[in-house]
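I have placed the structure first, in the form of structure tokens, so that the comments after it can refer back to it.
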Amino acid sequence: MKGVSSEATNTDKMRAHQMKVKPTDGLRHEDVDLMVCTDLIDQSQTSVLNGSVSHASVLEVLAANPEDKAMASDADPQMLLKVVFKEKINLVSVCVRFPTPPKDEEETYSK
């Protein structure tokens, strides 16, 4: 049969074409500081469980935080952060920065 391609030939051509095409999903991926650069975090519903009231709040830590305020747990060695967003996002990683532990006289679990 003249002019009829076999399925294997078509499959090879499709694979070659797919390798040439650059994958784009239409979205721009970049590292951003969510509290400073965007208005995506719902600050009224964002909270932390086991956070000490005598230290920084979750909103203070998520903000620019130039004073290096730190959070500390008042109950045990773990804190649960609940960050609520105003719209659907694609979150790849989270980085919370406060390089020094809180300065206080009482024993905290942040040390």
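Start at 1 with the first residue, then count along the sequence.
As a member of the Ile/Leu/Val/Met/Phe/Trp/Tyr network built from side-chain separations under 4.5 Å, Val53 groups with nothing else and remains a singleton. Hydrophobic cluster membership for Leu49: Leu80 (Ile, Leu, Val, Met, Phe, Trp, Tyr linked by side-chain heavy atoms under 4.5 Å, directly or transitively).
Of all the heavy atoms in His55 and Ala70, the pair that sits closest is CB-O, 3.5 Å. Taking each heavy atom of Gly51 and Met79 in turn, the nearest pair found is CA-SD, 4.2 Å.
The distance from atom CD1 of Ile89 to atom CD1 of Ile41, rounded to the nearest 0.5 Å, is 8.0 Å. Distance OG1/Thr46 to CG/Leu62: 7.0 Å, rounded to 0.5 Å.
A donor-acceptor contact closer than 3.5 angstrom is absent between the side chains of Asn50 and Asp74.
Among residue pairs with one or both ends in residues 41-58, none qualify as salt bridge (charged side-chain N to carboxylate O under 4.0 Å, His left out); sequence neighbours excluded. A salt bridge (charged side-chain N to carboxylate O under 4.0 Å, His left out) check over residues 79-89, counting only residues at least two apart or in different chains, returns the pairs Asp39-Lys86.
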Kindly indicate, with the supporting measurements, whether the criterion side chain to side chain contact (heavy atoms under 4.5 Å, CB included) is fulfilled by Met71 and Leu81.
-> CA-CA 11 Å; Met71 294 171 51; Leu81 300 175; 3.4 Å; yes

